[in-house]
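Just so we're clear, the structure is a prediction, and the values are computed from it rather than from any experiment. Here is how names work: the chains are called A, B, and so on, in the same order as the sequence lines, proteins then strands, and each is numbered from 1.
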Amino acid sequence: MPDSLHQTIREAIEDILRAGVEQYLESVGAQAEMPEISLEVPRNAEHGDWASSLPLRLCKGLKKNPFEVAEGIVAAMPASSLIEPPQVARPGFINFRLAAGSVEHLIRRVLELGEKYGQSDTFKNERVLVEFVSANPTGPLHIGHGRGAVIGDTLARIFAAAGYGVSREYYYNDAGVQMKTLGESLRIRYLQALGEDIPFLENGYKGDYMVELGEKLKAERGDSMRGVTDTQPFTDYAANFIIGLINEDLERLRIHFDTWFSETTLHKEGKVKQALDELESRGKLYEQDGAKWLASAEYGDEKDRVVIKSDGNYTYLAPDIAYHAYKFERGFTRLVNVLGADHHGYIPRLKAAIQALGHRPDQLDCVLVQMVAVERAGEAMKLSTRAGDFITLKEVLDEIGVDVTRFLFLTRTADSQMVFDFELAKDTSMDNPVYYVQYAHARCCSLMRKAEEVGQAWENGEGADLGLLTAPEEKALAHQMDRFPQIVIEAARQAEPVLVTSYLRDLATAFHGYFTAGNKDLSLRVVQENNPALTQARLTLIAALKQTFANALELLGVTPLERL
RNA sequence: GCGCCCAUAGCUCAAUGGAUAGAGCACCGGCCUUCUAAGCCGGGGGUUGUGGGUUCGAAUCCCACUGGGCGCACCA
């Protein structure tokens, strides 16, 4: 039963452990509830490949000493061909080690599943909507948007791998003052392009791209719009164009949105009114001072919030509530918003709103992305779209490249403040962890090429005798590979891409160590010219590693290079 | 003033409440006549911002301080 291809060793151990605990509890006649199975990979290899501290948690309720509890559980556990008999350690840990035979099981599982290795159906009944970037189309994306974009997209990839139905959505607010200002900015740039000597808006969008856009409009329409005073046509023209620019950058970053959702849609389809009516009928709205308030304080917000001002207009919150209600209406069971950290004050009222609508607060996850400070040649730079003073995402992609950009954003947790140092990122050498990981994949490819050169090309591994893989490094590599599917599930659960990045680096470290060991000890080389059987066995391990590297890199949207 | 986030090696960052807090960069010393040295091995470097608390066990959870970031509208 535990030999199912899709089951990781971890899951097999969990089953065994669970059975042991049940049996043990019964034998001592305890009423204790079945605790959550805890199983971790110890930092220290001496503590085995997997370890559980379950006896330490259990002993409290049983009023027994943890060591005895551990022994009792071990005695009651069924045996498994995948692991060696478990050991009880000091305070009350149970340590598990992979059985030698499990190496073969693990490698074959990776190869059998191929590109699907790492995927699972853990969350198959759930649908998640990842909303990210969501910058209003008032200018090109800057580097900070890039960080949010990469994190959002990678989360989406991770969710998909963990079995979620996933949709990527970009929301933009095209009904507000910002867009009006944008249109007005373009109108003036256009008139200036026509030669009129008029001053620019004080609060207008001052970037060069607006000057260019004015020229472009002149080139397309001549002076036919000279007399147009309504800003709307200018707004539409600018927004359309800028969305195009934004999308270009995003596609380059390997990000594709399923939906571009505009605020106007909500108004047109009556979703704002619908959401407020729903809140009204649930008794969550009330009138005061001529305004309509949401009783958000009931749900942990620090105060109630106005949704309809006394002048009859909606506040920003109203369409936002409607938007999130509409997300649920479309069948999503989990909402993930990737936001700039400056929006954090907004989260409690949003969570309050979805609760007022009858949803659970944990169905909404807000991932806060901290600002990116940029340093160039030692100079710190200020970023402001309005002032036209910023590092665009395009510049970053031109200078640094997609793989490096994505990986650098993914090596830090979203909420850590980061300094993006251009010179450092451009450096193609040591400071760039991307290469470390890509190098590992390329080395696997290189070994395959080498084997081919000496006439021992890998023969798909089916006939290989994997029992020959007895080096401790080989067992360790197999164990590391086995962790991958669980890492993906955990990353999805926590909405935390860094888990995958860290895992990838660890796996690369293990592999580089294995590879380099062959420099000193020729018997550890993968390609053994006078031992075809061992060569085939090792190549099969390499093939599985290569697959795992490729799958993990794909999850991060980074290219698995064949050679560096 | 109130709230949220952050604080870990000189620097950039890790560490599902677990056993001796780890990598990379920088610094010191080793390893290329045969699978890629963008790599590997070893060394120095820490009172996890400070002080309490919770418990078998805390970088992790709670409280109070200190320092930094960001929010506190009938703005969007």
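For A:Phe515, the side-chain atoms get nearest to B:A37 when compared with the rest of B:U12, B:A37, B:G39. Closest to the side chain of A:His512, out of B:C40, B:C35, B:U34, is B:C40. Of the candidates B:U36, B:C40, B:A19, B:U36 carries the atom nearest the A:Arg449 side chain, counting heavy atoms from C-beta on. Here B:A14 is the nucleotide among B:A14, B:C35, B:A19 with the atom lying nearest to any side-chain atom of A:Ser502. In the set B:G18, B:C35, B:A19, the nucleotide with an atom closest to the side chain of A:Val527 is B:C35.
Classified by its glycosidic torsion, B:C61 falls in the anti category, the angle being over 90° from 0.
Ring geometry for A:Tyr503 versus A:Phe484: interplanar angle under 30°, hence parallel rather than tilted (30 to 60°). Ring geometry for A:Tyr170 against A:Tyr172 counts as perpendicular: the plane angle is over 60°, on a 0 to 90° scale with 30° as the lower cut.
Among the protein residues, A:Thr411 comes within range of the sugar-phosphate backbone only, with heavy atoms under 4.0 Å from sugar or phosphate atoms but none that close to a base.
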Summarise protein proximity over nucleotides 70-76 of chain B in one line of letters, 5' to 3': B for base, S for sugar-phosphate only, - for none, counting protein heavy atoms closer than 4.0 Å. BSS-BSB
Determine, step by step, whether A:Asn173 and A:Glu263 satisfy the side-chain hydrogen bond (donor to acceptor under 3.5 Å, both in side chains) criterion, reporting the C-alpha distance in whole Å, the side-chain angles of both residues, the deciding distance to 0.1 Å, and the verdict. CA-CA 5 Å; A:Asn173 174 327; A:Glu263 185 191 338; 3.0 Å; yes
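Nearest heavy atoms, A:Arg334 versus A:Asp365: NH2-OD2, 2.8 Å.
For A:Arg57 against B:G57, a side-chain-to-base donor-acceptor contact under 3.5 Å is absent. You won't find any donor-acceptor pair under 3.5 Å spanning the side chain of A:Asp506 and the base of B:A14, going by distance alone.
A salt bridge links A:Arg493 to A:Glu490: at least one charged side-chain nitrogen sits closer than 4.0 Å to a carboxylate oxygen.
Base pairing of B:C65: its partner is B:G49, meeting the Watson-Crick or G-U wobble criterion (both donor-acceptor distances under 3.5 Å).
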